[in-house]
Every structure is written in structure tokens, then in C-alpha cells.
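Input: a single structure, listed below in C-alpha cells.
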Amino acid sequence: KQICSLLGSVFFFSVMGCVLLFVVFRWEEERYTDGSKWRFLEHKGPVFAPPYEPLPDKVKFYYDGKPMKLSAPAEEVTTFFSKMLDHEYTTKDIFRKNFFKDWRKEMTSEEKSKITDLNKCNFSEMSEYFKTQSEARKQMSKEEKQKIKEENERLLQEYGFCIMDNHKERIGNFRIEPPGLFRGRGDHPKMGMLKRRIRPEDIIINCSKDSKQPKPPPGTKWKEVRHDNKVTWLASWTENIQGSIKYIMLNPSSRIKGEKDWQKYETARRLKKCVDRIRTQYRDDWKSKEMRIRQRAVALYFIDKLALRAGNEKEEGETADTVGCCSLRVEHIKLYPKMDDQEYVVEFDFLGKDSIRYYNKIPVEKRVFKNLQLFLENKQPEDDLFDRLNTSILNKHLQELMDGLTAKVFRTYNASITLQQQLKELTCPDDSVPAKILSYNRANRAVAILCNHQRAPPKTFEKSMQNLQTKIDEKQNQLSAARKQLKAAKADRKASRDEKSKKTVEVKRKAVQRIEEQLMKLQVQATDREENKQIALGTSKLNYLDPRISVAWCKKFGIPIEKIYNKTQREKFAWAIDMAEKDYEF
DNA sequence: CACAAGACTTGGTATCACCGAT
DNA sequence: ATCGGTGATACCAAGTCTTGTG
């Protein structure tokens with residue numbers, strides 16, 4: 001039964017007294033051809049955020065120096081703010097303005113008339129209270145913690161799974177997001193706005209007609225229950241900050257996500273077959289007499305060469321000002337006909353997704369450079385670089401070049417092919433396992449750099465590096481001590497020539513060897529960590545690298561798959577682990 | 001065709017749980 | 001038993017691309 005829920009369907013046949021067992025992996029089951037995603041879907045609905053618990057009376061809010069008891073709705077909003085007090089963004093004008101505006105909406109008319117200036121508000125007592133609370137939570141006894149854990153587990157068992165077609169599947173996010181203050185990323189114009197509480201009346205449930213429908217909490221009802229098998233989500237609601245829809249969907253380990261993932265890499269592999277043709281064509285298009293075609297061709301070149309994102313248009317003032325390829329503006333690039341010993345250098349400097357800075361200087365071909373000069377003519381810094389292009393034009397063109405081709409396929413393709421090449425280049429068959437893993441991480445890192453996956457250096461980075469260094473120093477001392485001992489033992493053997501001294505030499509030799517290995521491992525670890533300081537490997541590993549490349553590499557070099565993928569990742573990539581052999585080629 | 005809505009993937013960070021060292 | 005560091009996970013925001021509508 002366990003195997004069944006994990007892998008897929010198990011069939012038994014009995015032929016002439018022999019029991020035959022067939023396991024059909026989920027990813028080998030038949031897929032629907034009519035666009036439907038499932039036949040049967042049953043689940044228990046979402047788990048709602050716990051209701052607001054008013055503050056104890058002794059914890060006071062002060063306005064203009066005087067204590068003031070707030071109505072529950074207004075008080076709840078202040079708790080969100082006071083929990084954030086230590087963050088820099090509560091000092092930002094936009095955050096404070098948005099917060100204050102939304103907070104006032106929750107106030108009674110009396111409160112509204114009294115509280116007119118955020119600067120006269122004192123939340124420090126509340127802030128202290130929450131700090132004490134979280135301290136207390138950390139200090140809880142083992143039993144209490146165990147109890148909470150069990151309750152979480154119970155909730156997970158009850159609400160965390162659904163039945164889709166013949167399988168029990170893990171749900172990705174079965175808890176509804178609690179209310180709070182919105183904090184976008186980067187310079188977000190809506191930071192500080194109130195993210196309202198989601199009620200059952202906001203939720204649309206999706207399940208099959210013949211399933212047991214989820215029950216809303218007592219005394220409430222769902223907004224709607226529908227039976228749409230053309231989509232994969234189980235529940236949805238509209239969020240109030242951007243007015244966008246949020247969904248409850250399945251975990252990456254599910255059949256439906258796994259198949260999609262597989263399909264994505266198959267599309268990228270199809271691109272591999274025709275990428276030469278496409279490259280030849282866009283280079284040709286740099287000479288086109290039509291401006292729109294030249295722009296399209298230069299943009300595609302950037303997407304291909306630099307793994308830039310497509311760059312959809314965004315509504316101004318609704319989100320942080322970030323761009324991708326098609327939405328690049330004049331101010332985001334600089335042209336240098338000559339720079340140091342290179343010609344035709346383009347300097348990119350812009351904020352991409354999540355307001356992560358993209359900074360890069362690259363030499364380009366003369367034709368590209370001349371085209372860029374042309375695109376820049378008579379434009380202001382805030383004008384679009386590619387004024388005759390957007391993502392839908394570009395993708396329409398790509399669709400004509402290859403079925404299923406869109407801008408992001410280039411990112412997937414270039415990421416995966418880079419990993420494969422780098423692994424080929426960096427792996428020495430004679431290396432130890434840790435050294436091979438270092439090579440793997442370096443290959444992974446090359447991809448992360450290509451895709452510009454950055455992270456803030458961990459807060460504990462310097463310290464942990466230091467710790468590691470002391471460990472290395474200690475190991476080195478150990479090693480020289482062990483070597484001395486070995487030398488002494490050898491001398492002793494020469495002098496006495498008895499069995500016992502011979503054995504001692506062997507023992508000491510082994511010890512030296514062991515310490516050498518340990519030292520090497522530590523040094524490798526230090527190198528790896530240093531190189532990884534500002535680079536995030538997770539995103540590319542999870543979203544861009546065909547897992548079959550990694551699985552094949554592991555099989556080829558006898559690396560246990562656990563060294564590359566942790567438990568969650570192994571679950572997500574179960575299809576690839578099952579499928580790929582050591583000679584798999586992307 | 002433009003535009004908005006909808007669905008789904010990709011993204012960084014805060015927090016949690018665990019584990020080895022003290 | 002406690003502490004602190006670390007990897008795993010939860011969280012939820014922000015992209016891409018498709019679909020629907022007038």
C-alpha cells in the first residue's frame with residue numbers, strides 16, 4: 001500500500017501459480033488528451049488562520065503619551081505593526097503612510113478622530129510583549145513542544161493531502177495566509193498596506209462532483225464550489241493588495257507537477273535540436289531592414305546569451321520598478337566602443353525580478369552594438385530600449401520557430417546545457433567523493449551565476465568561516481603530529497625489526513591517511529562555502545536543471561544521490577531518479 | 001488586437017527543527 | 001541538558017505565459 005501511494009498503481013496477476021507484480025509509475029500512466037487535468041478530486045478544504053486574540057489589558061498602546069484602549073479590529077492591525085518595529089521598513093515613509101491609511105479604515109469613528117498622527121503612536125509596550133512571548137515559546141518544555149508538533153502533524157494528516165485520480169497526493173500550501181502588513185520586495189509602492197483576513201466566504205473550492213465536498217467551518221459557507229477539471233487548483237481566493245488570485249495547489253512531488261516539470265525539460269531538449277538554426281536566423285535578422293525585426297533579434301540574442309527573463313510590461317505604480325529583457329529602458333544600458341582591451345562592450349545595470357540587481361559588462365558583436373546605438377537614437381533615459389517589441393510579439397515569433405517555444409525555454413535550455421558541459425569539464429574520475437561533489441557544486445554555481453541567482457550573504461557567514469578555519473588549523477596540527485609519530489614509529493621499526501613495531505607503523509600510517517582525508521574534506525568545504533557566499537544554488541537546482549543530468553552523473557561516478565538531493569528534492573525528482581541511466585544526455 | 005484575468009512557475013528570506021559540540 | 005550553527009521548510013511575493021473578452 002505504501003509503495004502504491006508513493007509510486008503509482010501496483011497490479012497483481014497470477015499466471016500458472018506465479019504471482020506477477022507490475023508497478024506502473026505515476027509518470028508512466030496515461031495522460032488526458034482533452035486538456036482535462038483529472039477525473040476525480042477530493043480534499044478537505046483549507047486551514048484558516050487562527051482568530052485574533054486580543055491583548056491582555058496590562059499591555060497598553062499610547063497615543064500622544066496617554067494610554068488608549070482600542071477596538072479589537074483596530075488593535076489587531078497595531079499588533080502587526082508592533083511586531084515589525086525592529087525592521088527598517090517601518091521607518092520608511094511609504095510604509096508608514098500606507099499602514100496608517102489602512103489602519104484608519106479599521107478604526108471606530110471615535111478612534112479615527114483621535115488618532116490622526118502616526119508619529120504620536122507608541123507601540124513599544126506591545127512590541128516588548130511580543131518579544132517576551134516569542135522568548136517564552138522558545139523556552140517551552142520538551143513536552144509542550146512535542147504537543148504542538150503532534151497537533152501540526154494531525155492537521156497535516158487531515159488537511160495536507162487530497163485524492164487526485166487514483167493517488168493520495170501532498171498539498172503544497174493548505175494553510176490560508178494569515179492577515180498582516182504587506183511587505184513587497186524592493187521599492188514597493190504598496191508596502192505597509194493591510195493584507196486582510198481571508199474568510200470561508202472568500203474561498204472558491206474546486207473538486208470533482210462525485211467527491212465528498214469539503215465542509216466550511218460551522219456557521220460559514222464557501223463563496224462557491226466548482227468542478228473544473230481543466231485546472232489543477234483545489235481552492236482559490238482573491239488577495240486584496242494587487243487584486244490577484246491565490247491558489248491552493250499540489251506539492252511538487254505530485255504526479256501533476258512532476259509531469260509538467262518533465263514536459264518542461266523535454267521542450268528544452270527540443271530547443272537543443274534547433275537552437276543552431278534559431279541562432280543563425282537571429283544573427284541574420286540583425287541586418288533586417290525592419291526595425292521591429294532587428295529589435296526582436298537583438299532581444300532574443302540577450303535572452304539566449306545572458307539568460308535574461310522575457311520582461312513583461314507592468315502596471316506603473318502597482319509594483320516595484322523592475323524590468324526584464326523586453327522592458328529594458330535606455331537608462332539600463334551603457335555602450336562602450338572600447339573598454340580596456342575589449343571592443344563593443346555593453347554594460348547592463350538594472351533591477352530584475354525581486355529587485356535583484358543585474359550588473360554585467362559584456363563584449364558583443366559589432367552588429368549588435370551598432371543596432372543598440374540605433375535603438376538609442378533620440379531617446380530619453382526612461383524610454384523603452386526595444387520600443388517595437390514586447391513579450392507577446394517575441395513569444396509569437398518563437399512559437400513559429402518551434403512548437404512550444406517561449407522566452408523562458410532559453411533559460412531552461414542554457415541552464416541545463418551549462419550544467420552538463422561543466423560537469424563533463426570539471427569531474428575527474430579519480431577524485432574522491434567530496435572532491436567530485438565540489439565539482440558538482442561548481443557546475444551548479446556556474447548556472448546560478450548565469451541566471452543571476454543571488455542571495456544576501458548569511459548573517460553568520462564571517463563567523464562560520466572563521467570557525468571552519470580554526471577547525472582546519474587544528475586538523476593541520478593534528479596532521480603534523482601524526483606525521484611525526486609515523487616517522488618515529490618507522491625509526492623504531494628500523495631499530496628493533498620486530499612484529500610489534502611493524503604493526504605500529506601500519507597503524508600510524510593509517511592515522512595519517514585518515515587525517516589527511518579529513519583535512520581535505522574541510523578545505524573543500526571552505527572553498528565551496530567561500531565561493532558560494534552571495535550565490536543561491538537552490539533556485540537553479542529546483543527549477544532550471546534537468547534532474548536527469550544530475551542523476552546520470554551520480555550513477556556514472558558512483559555518488560549516492562543523497563549527496564546531491566535532499567529528501568524533498570528526491571521526492572520532487574522521483575521521476576528522474578527512476579528514469580535516467582548513467583548515459584543520459586540532455 | 002489590446003487588455004485584463006487566470007493559471008502556473010520561479011524567487012529570496014524568515015523561521016523552524018535538528019544535530020553535534022560543550 | 002543546553003547552546004549555537006545549519007540545512008530544510010514555510011512563506012508568500014513576483015515573475016511568465018495562456019486564455020478570455022469586447
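Chain A is the first sequence line, chain B the second, and so forth, proteins listed ahead of strands; every chain is numbered from 1. Here the structure is a predicted model, which means the values were calculated and not measured.
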For DNA chain C, which residues in residues 37-48 of chain A have a heavy atom at a distance below 4.0 Å? none
Taking only heavy atoms on the protein side, list every residue of residues 78-95 of chain A lying under 4.0 Å from any atom of DNA chain C, sorted numerically.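 The stretch gives none, as no residue of it lies under 4.0 Å from the strand.
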Using salt bridge (Lys or Arg N to Asp or Glu O under 4.0 Å) as the criterion, list what pairs up with A/Glu290, not counting sequence neighbours.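 Here the qualifying residues are A/Arg292.
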Go through the structure and list residues passing salt bridge (Lys or Arg N to Asp or Glu O under 4.0 Å) with A/Asp228, not counting sequence neighbours. none
Exactly one of A/Lys314, A/Arg329, A/Arg185 clears salt bridge (Lys or Arg N to Asp or Glu O under 4.0 Å) with A/Asp321, and that residue is A/Arg329
Ring-plane angle category for A/Phe99 and A/Trp103, please: parallel below 30°, perpendicular beyond 60°, tilted otherwise. parallel
Once you measure the plane-to-plane angle for A/Phe182 and A/His188, does it fall in the parallel (<30°), tilted (30-60°) or perpendicular (>60°) bin? perpendicular
Distance, nearest 0.5 Å, that separates SG of A/Cys451 from CG of A/Leu306: 11.0 Å
Give me, pair by pair, the N or O atoms of the protein and of nucleotides 15-21 of chain B that are less than 3.5 Å apart, along with how far apart they are.
residue, atom, partner, partner atom, Å
B/dC18, OP1, A/Lys149, NZ, 3.2

Please confirm whether any donor atom in the side chain of A/Arg185 sits under 3.5 Å from an acceptor in the base of C/dA13, or the reverse.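 Flag set: donor-acceptor pair detected.
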Contact residues, residues 397-419 of chain A to DNA chain B [heavy atom, < 4.0 Å]: A/Lys408, A/Arg411
Which nucleotide in C/dA14, C/dC11, B/dT10 has an atom nearest any side-chain atom of A/Arg175: C/dC11
Check A/Ile393, A/Leu394, A/Leu389 against A/Gln295 for a side chain to side chain contact (heavy atoms under 4.5 Å, CB included) and give me the one that passes.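 With A/Gln295 as partner, side chain to side chain contact (heavy atoms under 4.5 Å, CB included) holds for just one option, A/Leu389.
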Would you indicate, yes or no, if B/dC8 has its OP1 or OP2 atom less than 4.0 angstrom from a side-chain nitrogen or oxygen of A/Thr232?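 So the side-chain polar atoms of A/Thr232 do come within 4.0 Å of the phosphate oxygens OP1 or OP2 of B/dC8, strictly under.
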